[in-house]
There are 2 protein chains.
Amino acid sequence: MRPRSSTLTEQELEIMKIVWDHEAATVRDVYEILLERRKLESRTVAYTTVMTMMKILEQKEYLRKDESDRAFVYRPAQPKGTVIGAMVREFVNRVFNGSAEPLLVHLVEEHNLSKEDLEEIAKIRGRQ
Amino acid sequence: MRPRSSTLTEQELEIMKIVWDHEAATVRDVYEILLERRKLESRTVAYTTVMTMMKILEQKEYLRKDESDRAFVYRPAQPKGTVIGAMVREFVNRVFNGSAEPLLVHLVEEHNLSKEDLEEIAKIRGRQ
DNA sequence: CGGTTAGTACTAGTTTTTTAGTATGAGACC
DNA sequence: GGTCTCATACTAAAAAACTAGTACTAACCG
């Protein structure tokens, strides 16, 4: 049997990023941002699709919903850093068998990270 | 319509990693390694499943197959670095909107990368 | 108040991804 | 030569991921 993804799927992540950035959001808020974005790629999305996705995210406990005047207001149930951290870990496991160094090398070589960038990060680490 | 993944899917990647590590492999080679691995998680896989996956990888031009005495011999059609690099880029785009620094911070904070590790990487970069 | 708008619940379809069965053939084995 | 093993081709189906329609309700608007 095919196992279910242990982290956020692509669409789930896109929605979560919007909610994180807004602290709280209704289905309509997310819907409108998504629609605007997709216009650029000549795609579209239905309001009910967004609703369904957000309901799933609620069931998975990534979102929490509060009753409000009119529409439900959704808020993140987990901090962004925690969730993204888990995604990074899953990626490192899946692609690099758990070791982070090779990923680092890729980042340096292909993403224009300067020596200075690294030194700055190293300082953060050094302080700990 | 749901778009098709632009990079390797999870199972595709697992197979590709095996072939990369072996330079060349038959369906049976891959099948046996996969079976051994899955035993540990009480899962299993059918020979024909592996065959189907490798055929798909051939169609997607990640693998090339050579006629041989008995079974086809599959070889990577693209170098590991190139493909993994594309996966890193896709991940950085999807999760971090294209900027690599936040990923770096996650790596440092959660994957026990020492100041020394970073300095070593920085040297590589410095040489360029 | 009657119609329109905006929301939810429920249901269900499509595509991708993953999985595997069945038929068939070539060569090894006796 | 007959059978057994191992390979491929073809087919298809289940699960996950994504998408969206329809029915119904509340509230807003004239």
Side-chain angles (χ1 to χ4, degrees), chain A residues 1-18 24-35 37-39 41-60 62-74 87 90 94-95, chain B residues 1-18 24-35 37-39 41-60 62-74 87 90 94-95:
Chain A
M1 188 185 41
R2 179 185 176 187
R4 176 171 256 118
S5 169
S6 64
T7 55
L8 291 170
T9 64
E10 184 166 349
Q11 301 311 311
E12 286 172 349
L13 175 63
E14 186 161 19
I15 290 176
M16 283 305 299
K17 288 204 288 188
I18 292 170
T26 61
V27 171
R28 181 148 301 271
D29 294 336
V30 174
Y31 167 67
E32 265 158 19
I33 292 168
L34 237 39
L35 206 59
R37 265 185 217 170
R38 297 214 174 174
K39 232 186 252 174
E41 344 167 18
S42 311
R43 296 178 63 203
T44 183
V45 69
Y47 180 90
T48 49
T49 301
V50 179
M51 214 184 64
T52 305
M53 291 296 296
M54 290 177 78
K55 188 180 307 192
I56 290 171
L57 284 166
E58 195 209 348
Q59 282 162 5
K60 292 191 179 177
Y62 285 102
L63 288 179
R64 213 190 304 281
K65 93 182 157 189
D66 291 320
E67 202 83 45
S68 168
D69 266 356
R70 205 131 158 61
F72 289 131
V73 173
Y74 287 88
M87 293 192 72
E90 187 276 337
R94 176 163 49 86
V95 181
Chain B
M1 188 183 44
R2 179 184 174 189
R4 176 171 260 118
S5 170
S6 64
T7 56
L8 291 170
T9 64
E10 185 167 348
Q11 302 311 313
E12 287 172 349
L13 175 62
E14 187 161 20
I15 290 175
M16 284 306 299
K17 287 203 290 188
I18 292 170
T26 61
V27 171
R28 181 149 300 272
D29 293 336
V30 174
Y31 167 67
E32 265 158 18
I33 292 168
L34 236 39
L35 206 58
R37 265 185 217 171
R38 297 214 175 176
K39 233 185 251 172
E41 342 166 20
S42 311
R43 295 179 64 204
T44 183
V45 68
Y47 181 90
T48 49
T49 301
V50 179
M51 214 184 63
T52 305
M53 292 296 298
M54 290 177 77
K55 187 179 308 192
I56 290 170
L57 283 165
E58 195 210 349
Q59 281 161 4
K60 292 189 178 179
Y62 285 101
L63 288 179
R64 215 190 302 281
K65 91 182 159 188
D66 291 321
E67 203 82 44
S68 168
D69 265 357
R70 205 131 158 64
F72 288 132
V73 173
Y74 287 88
M87 292 193 72
E90 188 276 336
R94 177 163 49 85
V95 180

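Just so you know, these numbers use all the heavy atoms, side chains as well, and skip hydrogens, waters and symmetry mates. Throughout, protein chains are lettered first and strands after them, A, B, ... in sequence-line order, and every chain is numbered starting at 1.
Judged by distance alone with a 3.5 Å cut-off, no donor-acceptor contact links the side chain of B:Thr26 to the base of D:dA7.
Side-chain atoms of A:Gln59 never come within 3.5 Å of backbone atoms of A:Ile56 as a donor-acceptor pair (strictly under, hydrogens ignored).
When all heavy atoms of B:Tyr74 and B:Val27 are compared, the closest pair comes out as CE1-CG2, 3.9 Å. In this structure, B:Met54 and B:Ala25 approach most closely via the heavy-atom pair CE-O, 4.2 Å. Nearest approach of B:Tyr31 to B:Tyr47, heavy atoms of both residues: CE1-N, 3.4 Å. In this structure, B:Leu8 and B:Met87 approach most closely via the heavy-atom pair O-CE, 3.7 Å.
Distances from the side chain of B:Arg70 to the nucleotides D:dA20, D:dC6, C:dT17 place D:dC6 closest. Listed candidates were D:dA9, D:dA16, C:dG7. Nearest to the side chain of B:Lys55 is D:dA9. Of the candidate nucleotides D:dA7, C:dC10, C:dT8, D:dA7 has the atom lying nearest to any side-chain atom of B:Ala71. Of the candidates D:dT19, D:dG21, D:dA9, D:dT19 carries the atom nearest the A:Gln11 side chain, counting heavy atoms from C-beta on. Here D:dT19 is the nucleotide among D:dT19, C:dT8, C:dA9 with the atom lying nearest to any side-chain atom of A:Met53. With C:dT22, C:dC10, D:dC10 as the candidates, the nucleotide lying closest to the side chain of A:Thr52 is C:dC10. Closest to the A:Tyr47 side chain, of the nucleotides D:dA15, C:dT17, C:dG7, is C:dG7.
The pair A:Glu14-B:Arg94 does not count as a salt bridge, with every side-chain nitrogen at least 4.0 angstrom from each carboxylate oxygen.
At whole-Å resolution of the value, CE in B:Met1 and P in D:dA17 are 19 Å apart. With rounding to whole Å, A:Met54 atom CE is found 18 Å from C:dC10 atom P. What separates CZ of A:Arg4 from C1' of D:dA16 is a distance of 6 Å, to the nearest Å. One can place CG of B:Asp69 at 21 Å from P of C:dG25, the figure rounded to the nearest angstrom. Regarding B:Glu12, its CD atom lies at a distance of 11 Å from the P atom of C:dT19, rounded to whole Å. Put simply, CZ on A:Phe72 is 18 Å from P on C:dA6, counting in whole angstrom units. Rounded to a whole Å, the CD1 atom of A:Ile56 is 14 Å from the C1' atom of D:dA15. Rounded to whole angstrom, the span from the CD atom of A:Gln59 across to the P atom of D:dA17 amounts to 14 Å.
Nearest-nucleotide assignment on DNA chain D puts the 5′-proximal partner with B:Met51, out of A:Met51 and B:Met51. When each of B:Lys65 and A:Arg43 is assigned the nucleotide of DNA chain D with its nearest heavy atom, B:Lys65 is the one assigned upstream, toward the 5' end.
At the phosphate of D:dT19, OP1 or OP2 sits under 4.0 Å from a side-chain N or O atom of A:Arg38. Between A:Thr49 and the phosphate of D:dT19, there is no side-chain N or O to OP1/OP2 separation shorter than 4.0 Å. One finds no side-chain N or O of A:Arg28 lying less than 4.0 angstrom from the OP1 or OP2 phosphate oxygen of C:dA6. In this model, the phosphate group of D:dT19 is not approached by any side-chain N or O of A:Thr48 to a distance below 4.0 Å at OP1 or OP2.
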